[in-house]
Amino acid sequence: MKSADVGSLKTLLSSPQNIVIIPHKNPDGDAIGAALGLNFYLSSTGHSTTVITPNDYPQFLKWMPGTQEVINFEKENTTAVKKIEEATVIFTVDFNELGRIGHMKETVSKAKAAFVMVDHHQSPADYAAIMYSDVNLSSTCEMIFHMIVALGGLELITSEMADCLYAGIVTDTGSFKYASTTGKTHRVVATLIDKGAHSAEIHKNIFDTNTASRLHLLGCALNNMVILPEYNTAYITLSQEELDLHQFKKGDTEGFVNYGLTLAGIIFAVIFIENKEEGIIKISFRSEGSFSVNEFARKYFEGGGHTNAAGGKSNKNMEDTVHYFRSLLEDHKTALSA
Ligand code: 5GP
Ligand code: MN
């Protein structure tokens with residue numbers, strides 16, 4: 001974190017504030033972990049704090065300490081709007097443009113609070129007074145750790161905070177296996193374990209807790225996989241009907257997209273998931289090497305993210321979305337052959 005920003009943040013937090021912390025829509029382990037970890041830190045330093053999520057998050061993240069206090073903007077709208085209007089400081093974590101919070105954007109963009117962004121995605125928008133943005137860090141949780149240390153709070157890290165931050169780091173590094181995992185990441189994680197993070201339980205909660213219906217849905221997804229060797233690409237589709245047939249619950253498709261990349265030669269993997277309620281196809285993109293799925297998602301699917309992991313959406317139906325996607329590949333053949 002730049003020392004000028006540390007100074008501004010220290011000044012901003014030098015007297016008790018009304019703080020709202022917001023992760024992105026459909027929050028993952030990094031977004032929720034960062035919001036809850038930061039929430040514990042700020043409330044322990046004398047501020048009044050609330051975490052507000054744009055919508056619900058998966059059951060497999062609800063073991064996290066502090067989860068009971070989280071306000072869901074969709075379900076507790078009146079309370080959430082009041083909190084946002086009364087906030088003096090708003091932290092936005094794990095996203096960098098207000099479009100990522102869905103319907104909550106309208107209320108949040110009218111807020112009078114000072115905005116602080118903590119995020120590791122590319123191309124940050126310009127809405128925050130204090131911007132801690134670093135695309136080289138593994139996760140927003142790793143950034144929250146560095147921020148707390150910069151504010152002089154290392155000694156204040158409790159086992160609850162450590163659990164939250166650890167959960168975010170393992171989520172975004174895929175259990176420390178993605179290229180974003182550095183020696184520094186491991187040193188942060190070592191400190192979090194020393195502070196009391198329950199590492200084995202967290203791994204089990206996040207990666208190794210299944211339901212039979214989710215495993216059957218995975219079977220269906222893998223069965224639907226289409227491999228395009230000429231583009232080193234593999235994609236999966238899941239229709240609303242298939243999701244319903246397997247009692248789909250939020251979070252059930254987490255990680256499915258990665259299977260494509262385990263195939264020899266495949267460097268671009270995609271999953272298309274129909275959401276009839278929102279009238280969209282939600283898309284996840286993953287790549288290996290220099291092919292930027294961030295740019296691809298941004299250019300064609302109203303999305304974005306990181307070089308090797310990004311998301312987007314389509315307003316077309318599944319058939320037309322897949323047809324459109326396939327029509328784009330020829331233009332990227334050289335990059336996909338690299
Ligand atoms: P996932 O595919 O797991 O939902 O997301 C992969 C990465 O892309 C995450 O870092 C996530 O925050 C980002 N991402 C997912 N969907 C979108 C989107 O619609 N817009 C943008 N800008 N980023 C997204
Ligand atoms: Mn993240």
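Only a predicted model underlies this, so the values are computations on that prediction, with no experimental measurement involved. Each ligand, and each atom within it, is numbered from 1 in the order the structure gives. One-based numbering along the sequence shown.
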### Option from Asp56, Asn55, Thr53 for which side chain to side chain donor-acceptor pair (under 3.5 Å) with Asn26 holds
Asn55

Measuring from the Mn ion (ligand 2), name the closest N, O or S atom belonging to [X].
X      : answer
Asp30  : OD2
Asp94  : OD1
Asp172 : OD2

For ligand 1, which atoms sit closer than 4.0 Å to a heavy atom of [X]?
X      : value
Glu97  : 22 (N)
Ser284 : 1 (P), 2 (O), 4 (O)
Ala309 : 7 (C), 8 (O)

Give me the residue, atom name and distance of the protein heavy atom closest to [atom].
atom                    : answer
atom 15 (C) of ligand 1 : Gly311 CA, 3.4 Å
atom 6 (C) of ligand 1  : Arg286 NH1, 3.6 Å
atom 14 (N) of ligand 1 : Arg100 NH2, 3.5 Å

### Task
Take the angle between the ring planes of Phe176 and His186 and call it parallel below 30°, perpendicular above 60°, tilted in between.
tilted

#### Entry: Aromatic ring pairing Phe285/Phe268, orientation class (parallel under 30°, perpendicular over 60°, tilted between)
parallel

### Query
Given His120, Lys282, Lys313, which has its nearest heavy atom closest to atom 19 (O) of ligand 1?
Lys282

### Query
Given Ala310, Gly304, Ser123, Gly305, which has its nearest heavy atom closest to atom 24 (C) of ligand 1?
Gly304

### Query
Within His121, is some N, O or S atom less than 2.8 Å away from the Mn ion (ligand 2)?
no

### Message
Under 2.8 Å from the Mn ion (ligand 2), can any N, O or S atom of Asp119 be found?
### Response
no

So is there a nitrogen or oxygen of [X] less than 3.5 Å from a nitrogen or oxygen in ligand 1?
X      : value
His121 : yes
Arg298 : no
His306 : yes
Asp94  : no

Answer with yes or no whether the side chains of [Y] and [X] bring together a donor and an acceptor at under 3.5 Å.
X      : Y      : answer
His146 : Asp134 : no
Tyr127 : Glu97  : no
Ser138 : Asp172 : no
Thr11  : Ser14  : no
Ser287 : Asn308 : yes
Ser314 : Thr321 : yes
Arg326 : Tyr235 : yes

### Task
Have a look at ligand 1 and work out which part of Gln122, if any, has a heavy atom under 4.0 Å from it: side chain, backbone, both or neither.
neither

### Heavy-atom check, side chain of Thr253 versus side chain of Leu243, under 4.5 Å
yes

